[in-house]
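Structure first, commentary second.
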Amino acid sequence: MDASSTTVLATGSATGIARRLLDWYDEHARDLPWRARPGAAAPGPYRVWLSEVMLQQTTVQAVRPYFEHFTARWPTVEALAAADEGEVMAAWAGLGYYARARNLVACAREVAARGGSFPDNEDGLRKLPGIGAYTAAAVAAIAFGRRAVVIDANVERVVSRLFAISDPLPGARSAIREAADAITPDERAGDFAQAMMDLGSGPCTARDPACLLCPLSQHCAGRAEGDPARFPVKAPKRAKPVRQGRCFWIERDGAVWLVRRPGKGMLGGMRAFPDDGWHAGEDGSGEPPLPGDWQPAGRVQHGFTHFALELALMTLHTRAQPEGDGEWWPVADIGNAGLPTLFAKAARLALSQREEMA
DNA sequence: AAAGCGTGGCG
DNA sequence: TCGCCAAGCTT
């Protein structure tokens, strides 16, 4: 226990913080599709879990249409468990971190195998694929009313400011956890967690916190110090390399050749164009998958988490059949192939070139 | 336990 | 413009 949270406990303001935050939440909670609407039934574990997985490292705005689409197409965990994994991957295309989609299906199937009910506590949830410490705590608190200490980037930011925790992340994790535990209420822990999220997305933003709108400003040591935006302190990040690579548009009779990437690793399990072997650690070889009269068709820039890629698009019209597994996909329907954004950009480029030719 | 893993928005 | 950042998990 660090000095600041000890002080809070000693002064008894920990419960005051929770009360003020919950009062603020009752007044200002965002209306989100995965939350209970006034007068409507509670969302239920399936929708809570689905939303939490989609929201991992992903903004509310990006998640919203995907959540609507998934819940309309697969209304229950049993329906999702019965779905074809490839179709789920395609439906996830564009949302990123595709291991989440694979784990989503695996998790749904485990839940379906236990009769369709999620474990109702943190420890049980934590054992399911794709559910880590954060998601287990969030689902336990929000869907099952458990007292759980829910810690995400919002909570880390709010708590590090509230208590002016100067140790850099990730080292400060344990201190942040103790402080978050100290202010988490026994009742309404789920609302408390969501209130922290709303606080982090509203008043207590990363860049320019609006302390005048914050219900906790009177309790905030970071603000009292004069510069709350300096929290949380973070360790410096490594520079990311820029890699060069190619991908190959092979067209025959109005269809383009698509492959499926290996199940693990970059864009794992997703449909893709053949490429020349580029990856985070190395440029591509430049070698096309088959010989022919290849034409350069421009390049796309794309940033990944740990490297940037300059991807050159090469095109070929042929009557040959590429070696290996793949499928001919109608060019006119390429928008429905479920391509991850990198290759969707390449497809857009290819289509724009065709327009110019015509 | 540090590194791999997407994407889009924002100041 | 571009670096930073987001309701993290896995190995």
Side-chain angles (χ1 to χ4, degrees), chain A residues 30 32-35 47-67 89 92-104 106-107 125-143 148-158 169-171 173 180 190 192-202 204-210 229 232 234-243 261-270 272 279-281 300-309 311 339-345:
Chain A
R30 286 177 291 175
L32 301 173
W34 45 88
R35 285 184 180 169
R47 294 169 70 91
V48 173
W49 161 74
L50 178 61
S51 68
E52 290 300 341
V53 172
M54 287 184 165
L55 286 161
Q56 289 166 5
Q57 297 284 281
T58 309
T59 59
V60 164
Q61 177 178 337
V63 165
R64 206 184 270 272
Y66 286 85
F67 181 82
M89 300 301 291
W92 197 275
L95 198 55
Y97 285 137
Y98 298 101
R100 291 186 294 174
R102 296 194 303 272
N103 287 329
L104 193 77
C107 181
L125 289 161
R126 183 67 183 78
K127 295 187 175 70
L128 293 169
I131 298 187
Y134 162 78
T135 305
V139 173
I142 298 169
V149 182
V150 181
I151 300 178
D152 72 324
N154 288 298
V155 175
E156 287 181 347
R157 184 169 62 255
V158 171
L169 286 169
R173 290 259 151 80
F192 178 81
Q194 295 183 89
M196 292 287 269
M197 316 288 181
D198 284 14
L199 196 64
S201 93
C204 200
T205 53
R207 298 291 184 102
D208 185 24
K234 296 189 177 180
K237 304 187 173 173
R238 297 187 335 182
K240 33 180 187 181
V242 179
R243 298 293 177 206
R261 295 177 61 86
K264 301 199 172 210
M266 283 280 304
L267 309 174
M270 300 299 287
H279 57 93
V300 300
Q301 314 282 330
H302 194 73
F304 293 103
T305 307
H306 51 303
F307 72 104
L309 179 66
L311 185 71
L339 294 173
T341 298
L342 169 67
F343 295 116
K345 286 181 184 175

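Excluded from the calculations below are hydrogen atoms, water molecules and symmetry mates; all remaining heavy atoms, backbone and side chain alike, are included. Numbers restart at 1 for each chain; the letters A, B, ... are given by sequence-line order, proteins then strands.
Between A:A280 and A:D208, the residue anchored nearer the 5' end of DNA chain B, judged by the nucleotide with its closest heavy atom, is A:A280. With DNA chain C read from its 5' end, the first of the two nearest nucleotides for A:N103 and A:E52 is the one closest to A:E52. Between A:K264 and A:D198, it is A:D198 whose nearest contact on DNA chain C lies nearer the 5' terminus. Residue-to-nucleotide proximity on DNA chain B shows that, of A:L339 and A:P170, the 5′-proximal contact is made by A:P170.
Rounding to whole angstrom units, CZ of residue A:R157 and P of C:dG8 are separated by 10 Å. Atom NZ of A:K240 and atom C1' of C:dC4 are 9 Å apart (whole Å). In this structure, CG of A:L104 is placed 14 Å from C1' of C:dG8, rounded to the nearest angstrom. Note: OH (A:Y66) to P (C:dA6) measures 21 Å, nearest angstrom. Protein atom CG of A:L128 is 15 Å distant from nucleotide atom C1' of C:dT10, rounded to whole Å. One can place CG of A:L169 at 13 Å from C1' of C:dC5, the figure rounded to the nearest angstrom. A:Y134 places its OH atom 13 Å from the C1' atom of C:dC9, with the value rounded to the nearest Å. Spacing between atom CZ of A:R173 and atom P of C:dG8 amounts to 10 Å, rounded to whole angstrom units.
The two residues A:L95 and A:A62 come nearest to each other via the heavy atoms CD1-O, 3.9 Å. The minimum heavy-atom distance linking A:P241 with A:A280 is given by the pair CG-O, 4.1 Å. Contact detail for A:L169 and A:P232: the closest heavy-atom pair is CD1-CB, 3.8 Å. Smallest separation of non-hydrogen atoms from A:R100 and A:V53: NH1-O, 3.0 Å. Considering all non-hydrogen atoms of both residues, A:Y98 and A:W92 come closest at CD2-CD1, 3.5 Å.
Residue contacts for A:L95: at a heavy-atom cut-off of 4.0 Å it reaches a base atom on one of the strands shown. Note on A:G200: nothing from the nucleic acid sits closer than 4.0 angstrom, heavy atoms only. Nucleic acid contact class of A:A62 (heavy atoms, under 4.0 Å, all strands): none. No contact: A:W49 has no heavy atom under 4.0 Å from any strand. No engagement by A:L309 is indicated, since no non-hydrogen atom pair under 4.0 Å with the nucleic acid exists. Using a 4.0 Å heavy-atom criterion, one finds that A:R30 contacts the bases of the nucleic acid, with or without backbone contacts as well. Here A:M266 lies in heavy-atom contact (under 4.0 Å) with sugar-phosphate atoms only. At a threshold of 4.0 angstrom between heavy atoms, the contacts of A:A133 are confined to the sugar-phosphate backbone, with no base atom among them. Among the protein residues, A:T341 comes within range of the sugar-phosphate backbone only, with heavy atoms under 4.0 Å from sugar or phosphate atoms but none that close to a base.
A:T135 has a side-chain polar atom (N or O) that falls below the 4.0 Å cut-off from OP1 or OP2 of C:dC9. Remark: A:K234 is in phosphate contact with C:dA6, judged by side-chain N or O atoms under 4.0 Å from OP1 or OP2. Close to C:dA6, at under 4.0 Å from its OP1 or OP2, lies no side-chain N or O of A:Q57. Phosphate proximity of C:dT10 to A:R100: absent, as no side-chain N or O sits under 4.0 Å from OP1 or OP2.
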task = Please assess A:H306 against A:F304 for the test ring-ring contact (aromatic ring centres under 6.0 Å, His included), listing each intermediate value before the final yes or no.
result = CA-CA 6 Å; A:H306 51 303; A:F304 293 103; 7.2 Å; no
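To the nearest 0.5 Å, the span separating CZ on A:R30 from CG on A:D198 amounts to 4.0 Å. One distance of note links CG of A:L50 with CH2 of A:W34; it measures 9.5 Å at 0.5 Å rounding.
Of the listed nucleotides (C:dC5, C:dC9, C:dG3), C:dG3 has the atom at the smallest distance from the side chain of A:R207.
Contact footprint of chain A on DNA chain B: nucleotides with an atom under 4.0 Å from a non-hydrogen protein atom, first to last in 5' to 3' order, B:dA3 to B:dG11.
For the P atom pair drawn from C:dC9 and B:dG8, the interatomic distance equals 22 Å after rounding to whole Å.
A donor-acceptor pair shorter than 3.5 Å cannot be found between the side chains of A:Y134 and A:Q56.
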